[in-house]
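Worksheet: the structure to be examined is printed underneath.
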Amino acid sequence: MVYTSTRDNSIRVSASEAILRGLAPGGGLFVPESIPALGMSIEEIAKLDYRQTAYEVMKLFLTDFTEEELKGCIERAYDSKFDTPDIAPVKKVGDVYYLELFHGATIAFKDMALSILPHLLTVSAKKNNIHDEIVILTATSGDTGKAAMAGFADVPGTRILVFYPKGGVSKVQERQMVTQKGENVRAVGVKGNFDDCQSAVKKIFEDVDFARRISEKGFRFSSANSINIGRLVPQIVYYVYACGELVRQGAIKPGERINVTVPTGNFGNILAACYAKKMGLPIERLICASNENKVLFDFFESGVYDRNREFILTSSPSMDILISSNLERLIYHISGDDSERTAAFMAELSEGGRYEITGDMRERLSDFYGGYADQAMTARKISDLYRESGYVIDTHTAVAAAVYDGFRKATGDDRCSLIVSTASPYKFTHSVMTAIDEKYGNTDEIELADELEKISGTDIPGAIREIKEAPVRHDLVYDRTELYKAVEDFLA
Ligand SMILES: *Cc1c(COP(=O)(O)O)cnc(C)c1O
C-alpha cells in the first residue's frame, strides 16, 4: 500500500514512513492510494475477537509491517490497560446500540488509537533506520493530550510535549494531564483556544529551518494528532468489530445495513467510519453530530466550509473545534483524489478561512447526514435517557444521541443504529450530573464521581480514582505567541 499526500500526488511513501512523518511535506495529509476491500462477510467478522479484528483490518493498510511486528503492536496496545476484555463493548439501550470506546487508560475514545500509536511509531523508526529521538508535539482540546502522554510515557526513544488551551478543558481533563508521570512527557497550558494550539503545532511542523536546527541536536518531530494515519487506521478497527458484535447480539443479519452516528470535532473518528464503509462494511448513513460549533453541519447543508465565526465553549469541549483537520481527506476523496484541487481549497481556508466545494463534490457527500445539538438539547438527552433506562452517557455521546433522534424524526429511517460513545460520563461529571439534577451544581467535580457511581450502578474507573491523590507535575503556562520557545525549553 502506497500513501500519497492530499496536496501533492507526486509524493509516494510507505505506511511506516507516513506514520513517522505524520504530516506530508508541504502540509498535506497522507492518504492511502486506494481503500482496500475488507474481503470478509459479517458472519466471518463475528468470529473474531478485538485483537484478531485489529490484525485483519490493519494488515490491509500497514502492508510494510511483518505479521510479527503488527501482532506485537496489537498485543502491547489492547491488553489489561483496558478495563474489559471486549475492549470496545456494544450496549443495547432501548432500541439503539452504544459503541463504548471509553474503556482505556484515560476513559475516552482517543485511547483506542493512542495506545497503539507509540508502538507503530517505534517499529516504523526501526524499519526506516531512524536513530533520532522522536519528539511528539500535540495540540489537544482535552482528551488527546492525556491519552498521548499515557501512551508515550517512558517509551524509549520518544518524548512528548502537549499544548492545551488553559481554561478551555474540563477540570478532570486538566488534572489528568498535569499529573501524568514519565521522564519524557510535558504538558503546557496555552493562553489561547484549541485552534491557536493546533495552528502553532502545524506551523512548527511545516517549518523546515526549525526541523533542521533540532535535527542537529538529534531530534525529529512526529505527530500524535488525529491527522497521523497511525491514528486513523486503528480507528477503523472498532467499526468492523462493532458490526461483528451486532451480528453476535442478533441485531443484524447478512444483507442488512446500519446507521452510525459519531460525535465529531476534528473529523477523525467519522472519517474512520467512512473508510470502513468504503472497505465494504454494511453502513448506510454516516451521521455527523456537532455541538454549537456547527461548522460541519453548515458545510453539509451548504457546501461552504466557513470558520469565520465565534468560537463557543460548550459542555462537550473535545468537539469545540472550528478547523476539522481530517475533513481535508474527505475533500480529497470527493474531489476525485485530486491533490491540486484539494491544495487550492486548503489555501483558501488558510487565507480567508473559507472555501466552497463544487456541485459534483457535493453529490458525493450523500452518505453523510449533518446535525447539531445545542447545550440544552444535550443536557435534556442525558436526563431523558437516564430516566428511561438508567444508562448514563457523557456530553459528547449525548450530542450524538440527540442528533440521531433528530435524524430519525426527519428521515423516518429506523434501521439498526450504532451511536459512538466517545467518553465515560465520569470524565464530565459536572455537566452530566447537573443535567440529571440541578442540585449537584455546587458539588466538586471530582467528588461528583461518588454520586455518579451511586445513581448509575457502574464503578468509578481507575483513571478517576488515581487523579484524586496524584501530585501536580506540570504547571508551565505560555502565551500563544511563545510556543516555539516552549518547544526549545523542552528540548534544552
Ligand atoms: C476527540 C473527541 C471527539 C471528536 O472526535 P474527532 O475524531 O476529533 O472528530 C468526540 N468526543 C470525545 C470525547 C473526544 O475526545
Side-chain angles (χ1 to χ4, degrees), residues 1-5 11-25 29-33 36 51-52 54-79 81 104-105 110-138 144 147-162 182-186 205 208 211-237 487 490-491:
M1 175 73 66
V2 170
Y3 288 79
T4 185
S5 162
I11 291 171
R12 296 171 62 82
V13 301
S14 65
S16 62
E17 266 184 273
I19 290 171
L20 267 178
R21 287 173 174 270
L23 205 62
L29 309 192
F30 287 114
V31 272
E33 230 177 15
R51 290 187 193 184
Q52 291 166 329
Y55 177 69
E56 293 303 323
V57 172
M58 293 177 65
K59 76 173 189 197
L60 301 173
F61 286 93
L62 309 184
T63 46
D64 64 334
F65 282 59
T66 66
E67 176 172 349
E68 192 189 348
E69 285 168 341
L70 189 51
K71 286 189 170 165
C73 291
I74 290 167
E75 265 153 40
R76 272 170 275 161
Y78 302 114
D79 61 5
K81 287 193 284 301
K110 295 192 178 63
D111 292 326
M112 302 305 297
L114 283 168
S115 52
I116 194 165
L117 181 69
H119 306 294
L120 297 177
L121 207 47
T122 46
V123 170
S124 295
K126 216 176 287 162
K127 295 180 89 64
N128 288 277
N129 291 313
I130 305 285
H131 305 290
D132 290 341
E133 192 167 345
I134 294 170
V135 180
I136 302 294
L137 278 187
T138 294
T144 312
M149 290 169 91
F152 282 93
D154 294 328
V155 173
T158 70
R159 289 194 192 195
I160 174 162
L161 176 61
V162 170
E183 289 306 310
N184 61 338
V185 305
R186 178 175 290 179
F205 276 139
V208 184
R212 194 176 311 122
R213 269 190 1 248
I214 70 149
S215 105
E216 281 160 13
K217 296 184 189 145
F219 297 113
R220 178 193 173 98
F221 287 128
S222 193
S223 149
N225 266 36
S226 64
I227 50 176
N228 194 308
I229 61 125
R231 288 275 300 277
L232 190 58
V233 170
Q235 290 176 181
I236 301 169
V237 172
V487 176
F490 180 53
L491 299 183

Under the side-chain contact (heavy atoms from CB on, under 4.5 Å) criterion, do Glu69 and Lys126 qualify, and how do the steps go? CA-CA 11 Å; Glu69 285 168 341; Lys126 216 176 287 162; over 6 Å; no
Nearest-0.5 Å distance that lies between atom [atom1] in [X] and atom [atom2] in [Y]:
X      : Y      : atom1 : atom2 : value
Leu161 : Leu491 : CG    : CG    : 8.0 Å
Leu114 : Gln235 : CG    : CD    : 8.5 Å
Lys110 : Thr138 : NZ    : OG1   : 11.5 Å
Met149 : Ile160 : CE    : CD1   : 7.0 Å
Phe61  : Ile236 : CZ    : CD1   : 3.5 Å
Asn228 : Ile136 : CG    : CD1   : 8.0 Å

Validation row: [X], [Y] side chains within 4.5 angstrom (heavy atoms):
X      : Y      : value
Thr158 : Pro118 : no
Leu121 : Phe152 : yes
Pro234 : Met112 : no
Val2   : Val13  : no
Ile19  : Phe65  : yes
Glu133 : Asn184 : no

Electrostatic pair Lys71-Glu68, nearest N-O below 4.0 angstrom: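 Here Lys71 does not pair with Glu68 in a salt bridge, since their nearest N and O are not under 4.0 Å apart.
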Of all the heavy-atom pairs spanning [X] and [Y], show the shortest one and how long it is.
X      : Y      : answer
Pro25  : Ile11  : O-CD1, 3.7 Å
Leu20  : Arg220 : CB-NH2, 4.4 Å
Phe490 : Arg159 : O-NH1, 3.2 Å
Tyr3   : Ser14  : CD1-C, 4.0 Å
Glu33  : Thr4   : CG-CG2, 4.5 Å
Ala153 : Gly182 : CB-CA, 4.5 Å

Does atom CZ of Arg12 have more than 12 heavy-atom neighbours, drawn from other residues, nucleotides or ligands, at distances under 6.0 Å?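 Count not over threshold, so no.
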Do side-chain atoms of [X] reach the backbone of [Y] as a donor and acceptor pair under 3.5 angstrom?
X      : Y      : result
Lys127 : Asp64  : yes
Asp111 : Ala105 : yes
Asp154 : Glu183 : yes
Arg231 : Leu117 : no
Ser222 : Ile134 : no

Looking only at the side chains, is there a donor atom on one of Ser16 and Asn128 sitting less than 3.5 Å from an acceptor on the other?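 Distance-only check passes for Ser16 and Asn128.
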Apply the test side-chain contact (heavy atoms from CB on, under 4.5 Å) to residues Val487 and Phe219: give CA-CA distance (whole Å), side-chain angles for both, the deciding distance (0.1 Å), then the verdict. CA-CA 12 Å; Val487 176; Phe219 297 113; over 6 Å; no
Applying side-chain contact (heavy atoms from CB on, under 4.5 Å) to Leu23 and Leu29, what does each step give before you reach the verdict? CA-CA 5 Å; Leu23 205 62; Leu29 309 192; 3.5 Å; yes
May I have the step-by-step check of side-chain contact (heavy atoms from CB on, under 4.5 Å) for Asp79 and Arg51, ending in yes or no? CA-CA 9 Å; Asp79 61 5; Arg51 290 187 193 184; 4.2 Å; yes
